[in-house]
Amino acid sequence: MKAWQITRLGEPGDVLELADLPDPQPEPGRLVVRVLAAAANFPDVLMCRGHYQIRPELPFTPGVELCGEIVAVGSGVTGFAVGDRVIGTASLPHGGFAEMAVMDAADAQPAPPTLDDAAAAAFHIAYQTGWFGLHRRAALRRDETLLVHAAAGGVGSAAVQLGKAAGARVIAVVGGPDKVEVARGLGADIVVDRSQEDFVDVVREATGGRGADVIYDPVGGDSYDRSTKCVAFEGRILVVGFAAGRIPAPALNHALVKNYSIVGLHWGLYKQKDPASVWDCHLELTALAESGALAPLIGAKLALADVPDGLTRLAEGRTVGRVVFQP
């Protein structure tokens, strides 16, 4: 099979090498799948650089999220059969940027039938992250105001849709005029182009000075710092990631004086600590997809040969929605 390999650490365009590898074999508790589509995630970029908390031994094939067709089932696996279409996370070193990949059966779930392969590949991590963040960690309530940073990106676009599905008023922050209509198309009530406007002023005006009840922040850096200026009394700033590259140092005295919460989310821990909740979330997300409330925003469908270029575009912030590779 063809597979991209990381043999040394660095930028995706420099370190990824396309190789011919033996087809993976089914180990106990695992599935071998033919990759139908694999979605790019920022952790894939960080793994290329060696900056992610998970550091597989070199060489390895990246690609943490995929939609695949089962071609072999390992011993001890129940509930799956050859030919099933599944989504979930790959078991490294056999990641999704290849013609075939390996998945732990515990990390695989039936692909929503209403979604095509590309959309299904992009449905797992971003929407699970958004659902656990907004509902389990931030306790978003109907009619509250939700501020979403990087709302035209993969993680942010999912949060916008989930916020609207929960009955919240959504203010979306995007980076550039080309992304404004994208966020509006996702259902955002108000869209702020941060290159033209100060989102703090917009939030204050839109809420009559109250501020946003929940702030969904996958960016960090200045976005986090400015968010503390427009969070509501008893509001929640949800820390999802640090795409800006700078990890903020919260002023806890400010959180005390303004009476807001700083809430962290590491979705992967739910797979370890409460796997049943991940499955329950999948069922709820699937129902929302079937109702039409959720539909992954696919900004680009690329071939397997384009993986280095696609990851470079993601790393440089030049993507809208999700980038998906289809072998």
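Along the sequence shown, residues are numbered consecutively beginning with 1. None of the values given here were measured: they were computed from a predicted structure.
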Is it the case that the side chain of D117 and the backbone of A37 share a donor-acceptor pair, with hydrogens and angles ignored and the cut-off at 3.5 Å?
no
Which atom pair, heavy atoms only, marks the closest approach of P296 to A119?
CG-O, 3.4 Å
For the residue pair P218 and V240, what are the closest heavy atoms and their distance?
CA-CB, 4.0 Å
Consider only side-chain N and O atoms of H282 and Q109, and report whether a donor and an acceptor are under 3.5 Å apart.
yes
Counting N and O atoms only, with roles assigned by atom type, does the side chain of S223 sit under 3.5 Å from a partner on the main chain of V219, one being a donor and the other an acceptor?
no
Of all the heavy-atom pairs spanning A305 and W4, show the shortest one and how long it is.
O-CZ2, 3.6 Å
Crowded around E57 CD? As in, over 12 foreign heavy atoms under 6.0 Å?
no
Stepwise, does the salt bridge (Lys or Arg N to Asp or Glu O under 4.0 Å) test hold for D274 with K271?
CA-CA 6 Å; D274 188 6; K271 295 198 297 180; over 6 Å; no
I'd like to know if the side chain of D104 reaches the main chain of D107, judged simply by a donor and an acceptor atom lying under 3.5 Å from each other, with no hydrogens or angles considered.
no
Check this for me: R318, atom CZ, are more than 12 non-hydrogen atoms of other residues, nucleotides or ligands nearer than 6.0 Å?
yes
Determine, for D14 against R8, whether the closest basic-nitrogen to carboxylate-oxygen distance falls under 4.0 angstrom.
no
Flag for T114-E290: side-chain donor and acceptor within less than 3.5 Å
no
Steps toward ring pair (Phe, Tyr, Trp, His ring centres under 6.0 Å) verdict (F199, H149):
CA-CA 10 Å; F199 70 83; H149 287 292; 4.8 Å; yes
Between R169 and T145, is there a donor-acceptor pair closer than 3.5 Å when you use the side chain of the first and the backbone of the second?
no
Less than 4.0 angstrom from a charged side-chain N to a carboxylate O is my criterion; do R226 and D198 meet it?
yes
Can you tell me if R55 uses its side chain to pair, donor with acceptor, with the backbone of Y52 under 3.5 Å?
yes
Looking at Q53 and H266, what are the two nearest heavy atoms and their distance?
NE2-NE2, 4.0 Å
Going by distance alone, is a donor N or O of one side chain under 3.5 Å from an acceptor N or O of the other, for Q161 and Y127?
yes
Given the rule in the salt bridge (Lys or Arg N to Asp or Glu O under 4.0 Å) test, do E99 and R34 qualify, once you have shown the distances and angles that lead to the verdict?
CA-CA 6 Å; E99 292 176 325; R34 179 172 65 87; over 6 Å; no
So does P62 get a backbone contact from the side chain of D44, meaning a donor-acceptor N/O pair under 3.5 Å?
no
Do you know which two heavy atoms are closest between P308 and G13, and how far apart they sit?
CB-CA, 4.2 Å
Taking all non-hydrogen atoms of both residues into account, name the closest pair between F325 and V307 and its distance.
CE2-CA, 3.4 Å
Compute whether any side-chain donor of one residue and acceptor of the other, for H254 and Y260, lie under 3.5 angstrom apart.
yes
Would you say CD of E316 has more than 12 non-hydrogen atoms from neighbouring residues, nucleotides or ligands within 6.0 angstrom?
yes
